[in-house]
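In each ligand, atom 1 is the first atom listed, and ligand 1 is the first ligand listed.
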Amino acid sequence: MSAVIQDTRENKTLVSLRNLNKHYGDFTAVDNISLDIQDGEFLTFLGSSGSGKSTTLSMLAGFETPSSGEILVESKSLVNVPPHKRDIGMVFQRYSLFPHLSVRDNIAFPLTIRKQNAAETAKRVDAMLKLVQLDKFAHRRPAQLSGGQQQRVAIARALVYEPRILLMDEPLGALDKKLREDLQDELRHLHRRLGITIVYVTHDQEEAMRLSQRIAIFSHGRIVGLGSGYDLYQNPPNAFVASFLGNSNFLKVKAQGNAAASFENQPLAIRPTAGLHDGQDLVLMVRPEKAQVLTPEQSAQTPLAAGWNEIPAKVAETVFLGESLTCSVVTSGGTNLTLKELSGATQPLQPGAPVRVRWAAADACVYSEWNESDLTKAAGSH
Ligand code: ADP
Ligand code: MG
């Protein structure tokens with residue numbers, strides 16, 4: 001018999017948030033959040049400012065007490081465990097380093113207060129200095145370091161006592177774009193090497209995509225989407241997530257059966273969707289790069305395949321962006337769409353030119369519920 005070796009780590013829940021709530025007076029900052037965090041994963045809370053990300057993270061860290069609900073680590077409640085006993089490291093946007101201590105002493109601090117012996121402390125601090133590539137700066141003070149270096153000290157300090165979970169709240173928010181991207185790459189590699197569980201907070205969707213294995217999308221104190229960046233982008237669970245993550249075009253249509261709809265009085269194929277009734281209002285979502293803009297001549301040369309749609313429109317403007325090109329068009333019914341294509345193949349089209357917009361039904365998501373405000377963030381506007 002051959003031995004079956006299974007990597008079970010991926011499916012092991014380390015932390016469970018159960019019906020977690022946080023009220024401030026009659027304001028609900030965190031609204032009944034339930035979430036399982038896997039052992040060893042890099043999970044990011046992504047949402048706009050005020051959506052409840054930091055409050056949720058603070059409850060996990062122990063700096064805030066839930067109004068109700070549970071936080072379990074390996075099925076044991078954490079709610080009455082003080083922060084320093086939670087086996088959790090934390091890094092904030094403000095580096096919060098001790099200005100009068102050297103880099104070495106800053107990193108050693110968590111071990112010093114835990115009364116770790118000197119030899120072990122020195123060994124671990126050396127390892128951390130290497131890990132974040134600051135060995136040459138061990139004797140400097142924080143003020144003698146750049147912002148990125150200071151944040152690496154903060155990361156090393158959070159990791160030195162080998163916590164099982166590392167929480168990071170907008171840790172790169174104060175750094176400029178290039179440095180932020182470098183540190184994002186470093187963090188991703190660090191996570192891979194250490195196998196530690198990281199819960200990360202950001203309002204920057206690109207950062208969330210770059211770093212995370214899974215993203216939890218926050219809105220008004222709730223998690224409204226959870227999954228890999230790939231899945232959330234390709235198949236957003238709702239119109240809010242579609243408009244929040246990446247750019248999207250929304251078309252208001254009426255269902256005709258389960259796989260067809262009408263848009264501005266034209267028939268369309270849609271993804272087969274169970275439970276629709278004729279005339280039901282729906283929203284279709286098409287990503288800008290999933291639809292093609294064809295000239296009438298190109299359209300005539302390439303017949304429409306089954307399961308594809310084509311609608312007439314007029315060019316509003318085209319913007320050449322180097323590697324890509326965006327083309328904004330208006331349909332005869334006045335719907336604005338923004339399409340994106342790799343540049344090279346076609347010349348930018350002139351405003352007013354008649355075009356045909358073509359996409360596969362399989363590439364358009366179908367929503368039967370939405371808020372008008374979710375649809376107003378037009379494609380290409382961010
Ligand atoms: P995020 O980190 O997503 O920007 P927060 O979790 O910090 O959002 O805050 C969520 C909401 O809770 C915000 O509207 C914020 O003003 C409110 N809030 C946070 N902390 C407090 C507090 N101590 N007292 C009152 N309201 C708070
Ligand atoms: Mg915050």
Using a 4.0 Å heavy-atom cut-off, which part of Ser48 comes near ligand 1: side chain, backbone, both, or neither?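 Only the backbone of Ser48 comes within reach of ligand 1.
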Considering only protein heavy atoms, which is closest to atom 4 (O) of ligand 1, and at what distance to one decimal place?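 Checking every protein heavy atom, the shortest distance to atom 4 (O) of ligand 1 gives Gly50 N, 2.7 Å.
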How far is atom 3 (O) of ligand 1 from its nearest protein heavy atom, and which residue and atom is that?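 Result for atom 3 (O) of ligand 1: Lys53 NZ, 2.8 Å.
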Under a 4.0 angstrom heavy-atom cut-off, which atoms of ligand 1 come close to [X]?
X: Ala29; answer: 11 (C), 12 (O)
X: Ser49; answer: 4 (O)
X: Ser51; answer: 1 (P), 3 (O), 8 (O)

Is there a path of hydrophobic side-chain contacts, each under 4.5 Å between heavy atoms of I, L, V, M, F, W or Y residues, that connects [X] with [Y]?
X: Tyr161; Y: Val103; answer: yes
X: Val329; Y: Leu349; answer: yes
X: Leu175; Y: Tyr200; answer: yes
X: Leu194; Y: Val125; answer: yes

Trace of the side-chain contact (heavy atoms from CB on, under 4.5 Å) decision for Ile217 with Leu226: CA-CA 6 Å; Ile217 300 196; Leu226 176 67; over 6 Å; no
Just going by heavy-atom distances, which of [options] is nearest to [atom]?
atom: atom 2 (O) of ligand 1; options: Ser219, Gly52, Gly25, Ser54; answer: Ser54
atom: atom 21 (C) of ligand 1; options: Phe218, Tyr24, Phe45; answer: Tyr24
atom: atom 6 (O) of ligand 1; options: Val30, Thr55, Asp169; answer: Thr55

Between Ser328 and Glu317, do the side chains contain an N or O donor and an N or O acceptor separated by less than 3.5 Å? no
Do Asn21 and Ser67 have side-chain atoms, one donor and one acceptor, less than 3.5 Å apart? no
Is atom 15 (C) of ligand 1 close to the protein, meaning a heavy atom under 4.0 Å from it?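 No, because not a single protein heavy atom sits under 4.0 Å from atom 15 (C) of ligand 1.
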My understanding is that only one of Leu251, Asn309, Leu282 makes a side-chain contact (heavy atoms from CB on, under 4.5 Å) with Phe263; could you say which? Leu251
Mutual orientation of the aromatic rings belonging to His191 and Phe42 [parallel < 30°, tilted 30-60°, perpendicular > 60°]: perpendicular
Tell me whether Gly221 reaches ligand 1 (any heavy atom closer than 4.0 angstrom to a ligand atom). no
Between Gln298 and Arg356, is a side-chain contact (heavy atoms from CB on, under 4.5 Å) present by the stated rule, with each step listed? CA-CA 9 Å; Gln298 289 170 325; Arg356 301 188 64 88; over 6 Å; no
Under 6.0 Å from the six-membered ring centre of Phe98 and within 45° of its axis: does the NZ or CZ of Arg157 meet both? yes
May I ask you to check whether Phe27 has an N/O atom sitting below 3.5 Å from an N/O atom of ligand 1? no
Take the Mg ion (ligand 2) and tell me which protein N, O or S atoms are nearer than 2.8 Å. Ser54 OG
Pick out which of Gln184, Lys177, Lys178 makes a side-chain hydrogen bond (donor to acceptor under 3.5 Å, both in side chains) with Glu181.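 Option passing the side-chain hydrogen bond (donor to acceptor under 3.5 Å, both in side chains) with Glu181: Lys177.
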